[in-house]
Structure formats: C-alpha cells, structure tokens
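Take a look at the structure set out below.
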Amino acid sequence: MKKVYLDTNATTKPYPEVVEEMLPFFKEAYGNASSIYGFGRTAKKGLETARERVRKLIGAEFADEIVFTSGGTESDNCAIKQILRTSTNKGKHIITTCVEHKAVLNTCRYLEESGVRVTYLNVDEYGRINLEELEKSIAADTVLISVMSANNETGTLMPIEEVGIIAKKNNILFHTDAVQLIGKMPFDVKKSGADLVSISAHKINGPKGVGALFVKRGTPLTPYFHGGYQERGLRAGTENVPGIVGFGKACEMTASRLDENREKIGALKKLLYEGIKRSIKDIKLNGDPEKCLPNTLNVSFAYIEGEAIVLNLDAEGIAVSTGSACTSGSSDPSYVLKNMKVGPLFIQGAIRFSLGVFTSREDIDCVIEKLPRIIEKLRNISPVN
Ligand SMILES: *Cc1c(COP(=O)(O)O)cnc(C)c1O
C-alpha cells in the first residue's frame with residue numbers, strides 16, 4: 001500500500017544528507033566538544049559549523065546568539081522562565097496569545113501558580129491577534145511578550161514584525177516561537193524585532209531532540225542548567241553533537257531550497273484544497289486563506305469527528321492529524337479552533353493536512369481519491385447528519 005505522510009507539522013522525515021552528516025559523529029568523531037585534544041576539537045568544529053548554519057538560516061548577526069537546546073519545548077520554557085527570573089524586580093506580567101503551542105501555554109500556566117500575571121490575547125476568526133488589544137494589555141510591569149510566528153494547527157501567520165515594533169517602543173522583551181515558520185518561509189530575525197526565538201530541528205527535516213534558542217546580544221538571560229560551561233554557561237551539559245550537526249545540515253539544506261520548496265509545496269496544497277472542495281460539500285477552511293504557511297491546510301468536515309477521519313485515512317496508509325499532536329488521544333475539540341470561535345457544526349471534524357519537502361503530486365492525488373468516500377461513509381453512519 002502506498003504510504004502518504006501529511007503530518008509534517010508534527011514532525012518531518014530527516015533529509016538523507018542530514019543522517020549521513022551525523023554518522024561520523026557517532027562512529028569516529030565521538031569526542032567531548034569541551035576536550036582540547038583532537039577528538040574533542042573535531043566535535044567542537046562540528047558544533048561551530050552547525051551554529052554558523054543556524055545563524056545564517058535566521059539571519060542573526062552573531063553565531064554566539066544561537067544557544068543549542070533539546071528542541072522547541074526547551075527553548076520556549078527557557079525563554080519565558082528565565083526572562084521572568086532575570087527581571088523579577090522589574091515586573092511580573094507576561095503577554096502571550098490563547099493559541100500558542102502548549103510549550104508556551106503550559107509554561108505560562110505554571111508561572112501563574114507562582115504569582116505571575118499572564119494576559120492571553122484573543123484571536124479573530126482567522127486565528128490572528130489584534131494589535132490594539134496587545135497595546136492596551138501592556139502594563140508598567142510587563143516584562144515579556146511571547147507571540148508565535150505561525151500557528152501549528154492552522155498555519156495562520158501572526159503579525160510579528162508589528163509586535164516587535166510595539167515591544168521595542170515599550171521597552172519590553174519579545175519572544176517568538178518560530179518553530180513552524182522557520183524553514184517554510186523566509187525568516188529574518190532582525191526584521192522580526194525578536195529578542196528571543198525558538199527553533200526546532202525535527203520540524204525542518206532534521207533530527208528529533210535538538211533545537212535552538214536565539215538570544216539577541218544584550219538580552220539578560222541567566223543560566224538555567226547549572227553545571228559545566230557549555231553554551232556560554234547558559235545551558236550546561238555535554239552537547240548532543242551528532243544531533244546538533246544534523247540540525248546544522250538541515251538548516252543549510254532548508255535555506256538553499258527555501259523558495260523552490262515554498263512554491264512547490266504551496267502549489268500542492270492548492271491542488272489538495274481544490275480537490276477537496278470539488279468533491280466534498282459542507283466543509284470549512286480553518287485559518288487565514290492568504291496569510292498562512294504554504295504547507296498547512298486545516299479543513300473541517302461537518303457532521304463527523306476528525307478522529308474517525310484520521311483513523312479511516314490511516315487504514316488507507318495516509319497520515320494526517322486532527323490538530324496538534326500533543327492533544328491527540330483526547331477527543332476534546334482543539335483549543336485553537338475554539339478560540340477562533342469555530343462553531344459546533346465544524347469544530348469536531350477538523351483535519352490538518354501538513355505538506356513537506358517530500359510531498360509529491362501522487363500523494364495529493366491519493367488523498368483526493370480516497371477522502372471523499374471516507375467522508376461519505378462516516379456521514380452516512382453519523383447520528384448528527
Ligand atoms: C513542535 C512545536 C514545538 C515543540 O518543539 P519540540 O522540538 O517538539 O519540543 C513548539 N512550538 C511549536 C509551534 C511547534 O510546532
């Protein structure tokens with residue numbers, strides 16, 4: 001059976017070149033990057049090449065602004081918790097949005113337990129924040145604004161450059177979780193105005209368990225893993241050299257093919273949506289039809305449950321998701337769609353198709369061929385139809 005993978009917002013297949021580049025760092029160059037002899041120097045060189053490649057992908061000025069972490073979740077945790085620690089005498093108020101990834105939302109919820117105030121900005125029907133609401137939320141003790149660059153469930157782009165300007169004007173630090181945007185669209189850290197940016201390798205065809213936090217020079221950040229002097233003392237612990245090397249290679253490949261992939265993937269997404277619209281009625285597009293990631297298509301099918309669609313597509317070898325991977329397994333409707341006020345007819349039947357660099361025309365044809373029958377079958381047995 002043909003296998004079709006359309007869940008790249010959950011994770012991606014590593015480029016074969018990424019795996020190749022990692023292998024020597026398991027087999028021969030296994031030294032500790034902090035050691036001064038040859039083995040260590042080779043590992044260190046691998047690390048620094050990777051740091052340079054990450055720097056280039058996001059347009060950072062200095063390589064030492066890149067701190068390697070275990071992934072997007074750690075980067076989000078670090079950015080938010082440490083900025084708060086560093087600025088406790090200045091204030092205890094954070095502004096974020098109600099549609100952030102759980103790595104940001106649950107970090108904020110945790111901080112609320114210890115007395116931090118958090119404002120969760122509302123979003124409109126497309127999942128975008130209102131900049132006036134942001135400005136009104138700013139208080140004398142606001143220390144951080146955290147707004148994601150693009151939403152993982154709907155692909156909706158946030159106006160981060162405008163957020164960056166507002167943050168700067170008010171002398172507040174700005175963090176953006178750019179895990180979903182980086183690698184899919186051009187991202188320039190200087191233009192974004194962000195002081196802190198979260199990145200994850202496995203969302204851009206790199207290995208799992210590795211990522212980075214961009215920390216703009218001059219941003220007050222205290223060490224959060226205490227131990228050795230790795231990563232400028234910010235994050236102690238022997239570095240995951242093979243993972244970081246793979247991450248670097250993924251950044252390099254992503255950067256060199258960005259425009260080409262963006263166009264190809266965007267065309268395939270359009271084809272998929274046209275195909276769905278043509279053959280299935282009572283559907284709704286979730287997210288912004290224009291200001292959206294080129295790879296993400298979130299569509300609701302009325303009268304049926306998203307989970308049933310996922311399972312039926314899986315039986316045909318097609319992998320899609322109901323939304324964020326972290327919430328699957330529960331049948332609660334998506335909090336992202338709920339906050340976008342998607343109504344009862346459509347909220348349960350949402351499916352996220354996320355395409356990637358390995359998605360082919362055949363993959364899309366396969367979905368367009370199989371999906372209508374599945375939807376029809378499920379609607380025929382649905383009690384709410
Ligand atoms: C996947 C994802 C994360 C988490 O990254 P990990 O590397 O899996 O920890 C954070 N934010 C967003 C928007 C994501 O899509």
Side-chain angles (χ1 to χ4, degrees), residues 5-14 18 50 54 57-58 66-81 96-110 120-121 123 127-129 146-158 160 163 175-185 187 192 194 196-214 224-225 235 240 243-244 246-248 250-251 254 287 292-298 319-328 334-337 339 352-356:
Y5 185 77
L6 293 182
D7 199 16
T8 62
N9 285 13
T11 196
T12 58
K13 174 184 168 174
V18 163
V54 179
L57 177 64
I58 65 170
I66 310 297
V67 177
F68 289 118
T69 67
S70 66
T73 300
E74 185 187 318
S75 299
D76 287 343
N77 269 264
C78 169
I80 297 168
K81 289 177 185 166
T96 185
T97 83
C98 60
V99 294
E100 294 295 307
H101 189 271
K102 284 278 162 82
V104 167
L105 280 183
N106 285 342
T107 299
C108 290
R109 294 255 144 79
Y110 165 77
Y120 300 92
L121 298 173
V123 293
R128 186 170 298 105
I129 55 164
S146 180
V147 175
M148 68 195 329
S149 300
N151 186 267
N152 43 299
E153 289 192 31
T154 61
T156 293
L157 304 178
M158 289 290 193
I160 53 165
V163 173
H175 164 249
T176 185
D177 175 337
V179 169
Q180 288 294 345
L181 184 122
I182 287 174
K184 295 174 185 140
M185 298 179 75
F187 178 86
S192 77
L196 300 136
V197 180
S198 301
I199 318 167
S200 177
H202 76 100
K203 304 285 173 82
I204 58 166
N205 305 94
K208 290 166 184 60
V210 56
L213 180 65
F214 162 84
Y224 67 107
F225 278 11
R235 185 195 192 261
N240 169 11
I244 291 169
F247 178 25
C251 286
T254 297
C292 186
L293 291 175
N295 81 314
T296 308
L297 178 66
N298 190 313
V320 300
S321 158
T322 53
S324 98
C326 311
T327 48
S328 69
S334 147
Y335 64 90
V336 173
L337 299 184
N339 283 313
R352 178 187 70 189
F353 304 90
S354 50
L355 287 58

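Values reported hereafter were calculated over all heavy atoms of this structure, with side chains retained and with hydrogens, waters and symmetry mates removed. Read the numbers this way: they start at 1 and go in the same order the structure lists the ligands and their atoms. The shown structure was predicted, so the numbers you read here are calculated from the model rather than taken from an experiment.
Closest approach of Pro207 to Gly243, counting heavy atoms only: CG-O, 3.4 Å. Contact detail for Ala250 and Ile204: the closest heavy-atom pair is CB-O, 3.5 Å. Minimum heavy-atom separation, Ala50 to Ile244: CB-O, 3.3 Å.
Nearest protein heavy-atom neighbour of atom 7 (O) of ligand 1: Ser200 OG, 2.6 Å. Protein heavy atom closest to atom 4 (C) of ligand 1, with residue, atom name and distance, is Thr73 OG1, 3.5 Å. From the protein, the heavy atom lying nearest to atom 6 (P) of ligand 1 is Gly72 N, 3.5 Å.
Contact annotation: for Asp177 versus ligand 1, heavy atoms closer than 4.0 Å belong to the side chain alone. For Lys203, every heavy-atom contact with ligand 1 shorter than 4.0 Å involves the side chain, none the backbone. Under 4.0 angstrom from ligand 1, the non-hydrogen atoms of His202 all belong to its side chain.
Residue Met148 has no nitrogen or oxygen atom sitting less than 3.5 Å from a nitrogen or oxygen atom of ligand 1, judged on distance alone. An N or O contact shorter than 3.5 Å is missing between Asn9 and ligand 1 by distance.
The backbone N or O of Asp177 lies less than 3.5 Å from no partner atom in the side chain of Ser198, so there is not a single donor-acceptor pair.
Take Ser70 and apply the side-chain hydrogen bond (donor to acceptor under 3.5 Å, both in side chains) test, not counting sequence neighbours, and it matches Glu74.
Close approach of ligand 1 to Asn152 is summarised as follows: ligand atoms under 4.0 Å from at least one heavy atom of the residue are 13 (C), 15 (O). Listed by number with element, the atoms of ligand 1 under 4.0 angstrom from any heavy atom of Gly71 are 7 (O).
Within the set His101, Glu153, Lys208, Gln180, the minimum heavy-atom distance to atom 3 (C) of ligand 1 is found for His101.
A donor-acceptor contact under 3.5 angstrom links the side chains of Lys81 and Asn77, judged on distance only. Side-chain contact check for His202 and Thr12: no donor-acceptor pair (N or O, by modelled atom type) lies under 3.5 Å.
A side-chain hydrogen bond (donor to acceptor under 3.5 Å, both in side chains) with Asn9 is found for exactly one of Thr296, Asn298, Thr154, namely Thr296.
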